[in-house]
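Everything on this sheet refers to the single structure shown next.
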Amino acid sequence: MSTMNISLPEPLKSFVDEQVKERGYATSSEYVRELIRKDQERTRLRAILIEGAVSNPVGPADGAYFDGLRNRVRRRAKR
């Protein structure tokens, strides 16, 4: 694992220290890694949403469509 040093103004450092203490993180690095992972997830989700928004519809978004969507999500959740 590589190391990265960052500089924070005191109010941000205090906030990070508070989050580490209150949320049960072992270190500030653990907290920052989680923030970065969440940002990566948001970025991936945004790309998926944009891809869906610009794609051509494959059929009507009716009750049957949403039933099928729910079933696919449930099957994936069981994996």
Side-chain angles (χ1 to χ4, degrees):
M1 187 176 305
S2 57
T3 300
M4 176 184 285
N5 294 315
I6 61 169
S7 299
L8 298 173
E10 189 54 42
L12 288 180
K13 183 186 179 310
S14 295
F15 178 79
V16 169
D17 292 341
E18 183 179 314
Q19 297 306 303
V20 169
K21 186 174 103 179
E22 290 181 7
R23 294 183 174 188
Y25 293 100
T27 65
S28 57
S29 292
E30 186 179 303
Y31 174 67
V32 170
R33 280 192 295 271
E34 178 155 336
L35 291 177
I36 293 168
R37 283 188 206 101
K38 286 181 179 181
D39 193 42
Q40 287 176 322
E41 290 171 5
R42 277 191 301 272
T43 300
R44 283 192 292 269
L45 177 59
R46 181 180 173 89
I48 290 167
L49 291 171
I50 290 171
E51 182 181 334
V54 299
S55 68
N56 293 325
V58 282
D62 56 9
Y65 168 81
F66 286 104
D67 288 341
L69 185 60
R70 281 187 207 90
N71 289 334
R72 284 196 318 250
V73 169
R74 287 182 186 121
R75 282 194 303 270
R76 286 185 183 176
K78 291 180 182 179
R79 291 184 190 173

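All values derive from a computational prediction rather than experimental measurement.
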**Message:** Once side-chain contact (heavy atoms from CB on, under 4.5 Å) is applied, do any residues pair with Pro9, and if so which ones, sequence neighbours excluded?
**Reply:** Pro11, Leu12
**For Ser14, side-chain contact (heavy atoms from CB on, under 4.5 Å) partners two or more places apart** = Glu10
**Request:** Could you pull out all residues at least two apart from Tyr25 that satisfy ring pair (Phe, Tyr, Trp, His ring centres under 6.0 Å)?
**Result:** Tyr31
If you look only at distance, which donor and acceptor atoms sit under 3.5 Å apart when one is on a side chain in residues 40-52 and the other is two or more places apart or in another chain?
residue: Arg42; atom: NH2; partner: Asp39; partner atom: OD1; Å: 3.4
residue: Thr43; atom: OG1; partner: Asp39; partner atom: O; Å: 2.9

**Prompt:** Roughly how far apart are Met4 CE and Ile36 CD1, rounded to 0.5 Å?
**Reply:** 7.0 Å
**Asked** Which pairs with one or both residues in residues 12-29 pass salt bridge (charged side-chain N to carboxylate O under 4.0 Å, His left out), sequence neighbours excluded?
**Response** Lys13-Asp17
**Pairs touching residues 27-36 that satisfy salt bridge (charged side-chain N to carboxylate O under 4.0 Å, His left out), sequence neighbours left out** = Glu34-Lys38
Only distances under 3.5 Å count here; give the side-chain donor-acceptor pairs of residues 72-79 to other protein atoms, sequence neighbours excluded, each with its distance to 0.1 Å.
none

**Prompt:** Which pairs, with at least one residue in residues 32-62 and sequence neighbours excluded, count as a ring-ring contact (aromatic ring centres under 6.0 Å, His included)?
**Reply:** none
**Asked** Could you give all pairs that pass the salt bridge (charged side-chain N to carboxylate O under 4.0 Å, His left out) test and reach residues 53-71, with sequence neighbours left out?
**Response** Asp67-Arg70
**Request:** With sequence neighbours excluded, tell me which residues meet side-chain contact (heavy atoms from CB on, under 4.5 Å) with Ala61.
**Result:** Tyr65, Phe66
**Request:** Flag yes if Val58 and Leu69 sit in one hydrophobic cluster, no otherwise; membership is Ile, Leu, Val, Met, Phe, Trp, Tyr, and two members link when side-chain heavy atoms are under 4.5 Å apart.
**Result:** no
**Request:** Would you mind listing the cluster partners of Val54? Hydrophobic ones only (ILVMFWY), side-chain contacts under 4.5 Å, chaining allowed.
**Result:** none
**Prompt:** Atom CG in Leu8, atom OG in Ser28: separation rounded to 0.5 Å?
**Reply:** 8.5 Å
